[in-house]
Amino acid sequence: MTERRLLLTARLPGLPDVLPAGLALARWSGGDRGSLLRAVAGSTALLVTANEPVDEDLIRAAGPGLRVVGTYSTGVDHIEVEACRRAGIQVVTAAGALAPAVAEHTLGLLLACARRIVEADRFVRSGADWRWEADAFLGAQLHGRRLGVLGLGAIGTEVARRALAFGMEVHALPHRPGTPLPPGVIPHRDLAGLMRVSDFLTLHVPLTPETDRLIDKALLTELPSGAIVVNTSRGRVLDQSALLELLAAGHLAGAALDVYEDEPHVPPELRHHPRTVLTPHIGSATTTARRTMTAAVLRRIGAALEG
Ligand SMILES: NC(=O)C1=CN([C@@H]2O[C@H](COP(=O)(O)OP(=O)(O)OC[C@H]3O[C@@H](n4cnc5c(N)ncnc54)[C@H](O)[C@@H]3O)[C@@H](O)[C@H]2O)C=CC1
Ligand SMILES: O=CC(=O)O
């Protein structure tokens, strides 16, 4: 019997504990696309991260033995799911394991931006001479203010619950009309209406043809003046140039981003703006979430291979 091989493209926390039985592990140690195409040949299963697009070239390079592609993520926008389906390859994800971690990061970004924590931290570290002043580093309070949540799935719902606990008024747009929302969340009928009430806007939709640059300049302009935008979904859900324009014009007070249009490139205008808070796509980066993600995706790869 030929050996069944699982090719991994990354180091995964918690891996030695949870490897499915009957699979030999191979690791791609990084490099250019060509080296990944060579490494995948003959694999039965492939476990990628959101950094590695899974397209027809990769499927062809793997050969006919490839039966399952697992991704160490919730999002599948880097995977040509239809091409996998045509080739009889199942796609499994780490969904479900990371929503609390991403929700905590989202609230962390929101607080950091609204309360100017990163700016204030830089100021203290600069060694500047300071004393308490009544009008220094004035920021926006979350309590009593309105948060618009776009995408009320696993992560958006966790964010909404935490925001309600902070005393915020939480507004959202049900994806399908009539879908019940979590208790306490105020429903809207259209996106422009949601924008108009959002002192803070947080994005949690997957990147799909429908959501690609969904939040464009017209919608950003509908936000109240002084609004803050938080994005931990995918960079391309938001028109990044429009965001920059509205930040520069002062219509938006700030932006807190974990994801970017063209990762890992972050434009200088974003990096140098005093009211942006920027993290390098680390929404799910807690030890707990990452170990749970490893276990979840490997269990799903094992189950897919067992049929
Ligand atoms: N920054 C990070 O490290 C992470 C980012 N993500 C991103 O967050 C996204 C969401 O993750 P989950 O909440 O787990 O996914 P999910 O599938 O549970 O929720 C997505 C929700 O968005 C809704 N939706 C889709 N299109 C919509 C539209 N046009 N208008 C309104 N609602 C719409 C869906 O109905 C669903 O309720 C992922 O697809 C991924 O891109 C996920 C994990 C970590
Ligand atoms: O971006 C990360 C994911 O899990 O999706």
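Counting convention: from 1, in listed order, for ligands and their atoms alike. Bear in mind the structure is a predicted one, so any value in this text is a computation, not a measurement.
The atoms of ligand 2 that sit less than 4.0 Å from any heavy atom of Gly75 are 3 (C), 5 (O). Atom numbering of ligand 2 starts at 1 in the shown order; those under 4.0 Å from a heavy atom of Arg234 are 1 (O), 2 (C), 3 (C), 5 (O). Numbered from 1 in the order shown, with element, the atoms of ligand 2 that lie under 4.0 Å from a heavy atom of Thr74 read 3 (C), 4 (O), 5 (O).
Looking at atom 1 (O) of ligand 2, its nearest protein heavy atom turns out to be His281 NE2, 2.6 Å.
Screening residues 161-172 for side-chain hydrogen bond (donor to acceptor under 3.5 Å, both in side chains), with sequence neighbours left out, gives Glu158-Arg161, Glu158-Arg162, Glu169-His171, His171-His188.
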For this session: Show your working on side-chain contact (heavy atoms from CB on, under 4.5 Å) between Leu246 and Thr221 and close with a plain yes or no.
Result: CA-CA 8 Å; Leu246 291 169; Thr221 308; 3.9 Å; yes
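Annotation: salt bridge (Lys or Arg N to Asp or Glu O under 4.0 Å) contacts of Arg291 (sequence neighbours excluded): Asp17. Under the salt bridge (Lys or Arg N to Asp or Glu O under 4.0 Å) criterion, Arg5 pairs with no residue at all, not counting sequence neighbours.
Leu12 has its side chain within reach of Leu47: a pair of non-hydrogen atoms, C-beta onward, lies under 4.5 Å apart.
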So what's ligand 1 close to, N/O to N/O, under 3.5 Å?
| residue | atom | partner | partner atom | Å |
| --- | --- | --- | --- | --- |
| ligand 1 | 1 (N) | Thr232 | O | 3.0 |
| ligand 1 | 1 (N) | Asp258 | OD2 | 2.9 |
| ligand 1 | 3 (O) | Gly283 | N | 3.3 |
| ligand 1 | 13 (O) | Ala154 | N | 3.4 |
| ligand 1 | 13 (O) | Ile155 | N | 2.9 |
| ligand 1 | 18 (O) | Ala154 | N | 2.9 |
| ligand 1 | 24 (N) | His175 | ND1 | 3.3 |
| ligand 1 | 26 (N) | His175 | NE2 | 3.3 |
| ligand 1 | 29 (N) | Glu210 | OE2 | 3.2 |
| ligand 1 | 35 (O) | His175 | ND1 | 2.8 |
| ligand 1 | 37 (O) | Gly153 | N | 3.4 |
| ligand 1 | 41 (O) | Arg234 | NH1 | 3.2 |

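For the ligand labelled ligand 2, residue Leu98 lies inside the 4.0 Å heavy-atom shell.
Heavy atoms from other residues, nucleotides or ligands lying under 6.0 Å from CZ of Arg11 number 12 at most.
Using modelled atom types, one finds a donor on one side chain and an acceptor on the other under 3.5 Å when comparing Thr71 with Ser73. Side chains of Thr294 and Tyr72: a donor-acceptor N/O pair is present below 3.5 angstrom, by distance only.
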